[in-house]
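Below is one structure, written out as structure tokens; comments come after it.
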Number of protein chains: 4
Amino acid sequence: MISINSRDSRAIYEQVREQYRKLIVSGVLLPDEQLPSVRETAASLAINPNTIQRAYRELEADGYIYSLPGKGSFVGDFRQIGTERKRELFKIFDEIAAELLYFGVSTKELCDRLEGEARA
Amino acid sequence: MISINSRDSRAIYEQVREQYRKLIVSGVLLPDEQLPSVRETAASLAINPNTIQRAYRELEADGYIYSLPGKGSFVGDFRQIGTERKRELFKIFDEIAAELLYFGVSTKELCDRLEGEARA
Amino acid sequence: MISINSRDSRAIYEQVREQYRKLIVSGVLLPDEQLPSVRETAASLAINPNTIQRAYRELEADGYIYSLPGKGSFVGDFRQIGTERKRELFKIFDEIAAELLYFGVSTKELCDRLEGEARA
Amino acid sequence: MISINSRDSRAIYEQVREQYRKLIVSGVLLPDEQLPSVRETAASLAINPNTIQRAYRELEADGYIYSLPGKGSFVGDFRQIGTERKRELFKIFDEIAAELLYFGVSTKELCDRLEGEARA
DNA sequence: GTGGTCTAGACCACC
DNA sequence: GTGGTCTAGACCACT
């Protein structure tokens, strides 16, 4: 489910965290679904469990997952918690959109694109 | 025209490059307009000219500016070169939009936001 | 017929020389066809005649044109003279081809491309 | 592995960059193979490390190598990145071929030449 | 040890 | 004056 790219200059825990984040926000992993355990993930990637632990810890701090000691880690209902993340996203969205508009892309083209994504 | 934030973790040349890039793509600096010279910018920011030179060099490599040795550096006609940049931007736009949509933001809200930007 | 790009960092006489060279090797200008005079070209581009003169001089040195004092400059039958130029071209051709082949392009694809050009 | 020609009018960093580029695209250096370190190369050529650094930086920007800070620089999987490079190469290939064809070289001669290279 | 950034100061060619 | 290259030497974070 997760892979590590040794050519990627980012730290391993960042790669793991980002990949889980994308799996969660893209809906591949559904709310309350159980994640593979820290040890399991670590073993399958041949990586130190502490590294995975750190990725999970940060995912939990941002509300993407929640952990039940002794039971495991689960996908959170991040939609309620996402307020801060949404603010970040809107900021980037505005910047990107502004540049695209200045490059001559019409608002209509962008809206059509959004609707295309929404259907997908 | 440009400022440096010592609390910004990015390298100085990146800060300078990004600020000029934004000034250009936002239309504050117009095509063929002359940029302040390397030395001038360096002096006004109390920074080594080599650092500014590097920012200018990368801006030129990406087509945002063009340099005429002995004359100065000028804003390029980035709209022609923008084709590649647009591809990058669309890619980020899609990722950001996908995440926002999954967070429950409606396409309509995003479209309205786009139109708000277009008017601004 | 010729244009000058002030954004081009190359010297003006180089721009002129290269543009005439391309017009000649591409067959737009035919052997023994008369070129616009130095003064005429200089006037139409609002440029010092010496600059055009230098371009013509170098074109003549390489056999692309020949000058008849008092009559004008004419396109040469460079196919006989092109020996040295051909050696250069073959060298570049080999380098480019080697890189393309290493990138996985087949010789057949390149040959087809050559035949396409030959027909055009 | 690399040499510098003081009679070459090109900048030192360009000579270094081009020589490494050729070693990579010709397959002498294989993907993920480690390059000599910046300092090592600089020392062996009696050149300032900054100059080599710049060559490496540009190679990385073009995807020919990737750098892992603290570990070293390695040959990239340029065949993936080669798409853009191929476009450039095809463009030059067409120009060179067009000129050769106009000089009276037959497509057959060029194709034979290509096959000769492919076997080599 | 590695890559990466930055400074200070020099020199060149061109305008 | 301009952009561009190069050197010498320092410092940082990471392995």
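Reminder, nothing fancy here: chain letters follow the sequence lines and each chain counts from 1. Please read these numbers as outputs of a predicted model, since none were measured by experiment.
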Can you tell me how far the CD atom of Q19(A) sits from the OG atom of S3(A), to the nearest 0.5 Å?
4.5 Å
Euclidean distance, atom CD1 of residue I52(B) to atom P of dG4(F) [Å, nearest integer]:
13 Å
Short N/O separations, protein against nucleotides 9-11 of chain F, under 3.5 angstrom:
{"from": "dG9(F)", "atom 1": "O6", "to": "N50(D)", "atom 2": "ND2", "distance (Å)": "2.9"}

How would you list, by chain and number, every residue that makes a ring-ring contact (aromatic ring centres under 6.0 Å, His included) with F90(D), sequence neighbours excluded?
none
Within this structure, what is the CD-to-P distance between Q53(B) and dT7(E), rounded to whole angstrom?
14 Å
Run the side-chain contact (heavy atoms from CB on, under 4.5 Å) test against P36(A) and tell me which residues pass, sequence neighbours left out.
Y20(A), E40(A), T41(A), Y56(A)
Among residues at least two apart in sequence or on other chains, which ones pass side-chain contact (heavy atoms from CB on, under 4.5 Å) with N50(C)?
N48(C)
With sequence neighbours left out, what residues match E88(D) under salt bridge (Lys or Arg N to Asp or Glu O under 4.0 Å)?
R85(D)
For Y13(A), which residues count as a ring-ring contact (aromatic ring centres under 6.0 Å, His included) partner, sequence neighbours excluded?
none
Verify the contact: side-chain N or O of S37(B) to OP1 or OP2 of dT2(F), cut-off strictly under 4.0 Å; return yes or no.
yes
With a 4.0 Å cutoff (strictly under), does any side-chain N or O of S73(D) reach OP1 or OP2 of dG3(E)?
yes
Pull out every stem in DNA chain E, meaning runs of 3 or more consecutive Watson-Crick or G-U wobble pairs with both distances under 3.5 Å.
E:1-14 with F:1-14
Closest non-hydrogen atom pair between R17(A) and L59(A), with its separation
O-CD2, 3.7 Å
Can you tell me how far P of dT2(E) sits from CZ of R57(D), to the nearest Å?
18 Å
Test of understanding: with side-chain contact (heavy atoms from CB on, under 4.5 Å), list the residues that count as partners of S67(C), not counting sequence neighbours.
E60(C), S73(C)
With salt bridge (Lys or Arg N to Asp or Glu O under 4.0 Å) as the rule and sequence neighbours excluded, what pairs involving residues 45-55 of chain A come up?
R54(A)-E58(A)
With sequence neighbours left out, write down each residue that passes side-chain contact (heavy atoms from CB on, under 4.5 Å) with E18(A), or none if nothing qualifies.
R10(A), R21(A)
note: L35(B), atom CG; dT2(F), atom P; distance rounded to Å ~ 13 Å
Please list, chain by chain and in numerical order, all residues satisfying salt bridge (Lys or Arg N to Asp or Glu O under 4.0 Å) with K91(D), sequence neighbours excluded.
none
Length of the line joining R54(D):CZ and dT5(E):C1', which is rounded to integer Å
15 Å
For E60(D), answer base if it contacts any base atom (sugar-phosphate contacts may also be present), sugar-phosphate if it contacts only those atoms, and nothing otherwise; contact means non-hydrogen atoms under 4.0 Å.
sugar-phosphate
Atom OH of Y66(B) to atom P of dT2(F): distance rounded to whole Å?
17 Å
Can a donor-acceptor pair be found, under 3.5 Å and without considering hydrogens, that links the side chain of E99(C) to the backbone of S26(D)?
no
Please give, in whole Å, the distance from dG4(F) C1' to I65(B) CD1?
13 Å
Find the distance I47(D):CD1 to dT7(F):C1' and express it as a whole number of Å.
11 Å
Phosphate contact (dG3(E) OP1 or OP2) by S67(D) side-chain N/O below 4.0 Å
no
Residues in contact with DNA chain E, drawn from residues 5-21 of chain A - heavy-atom cutoff 4.0 Å
none
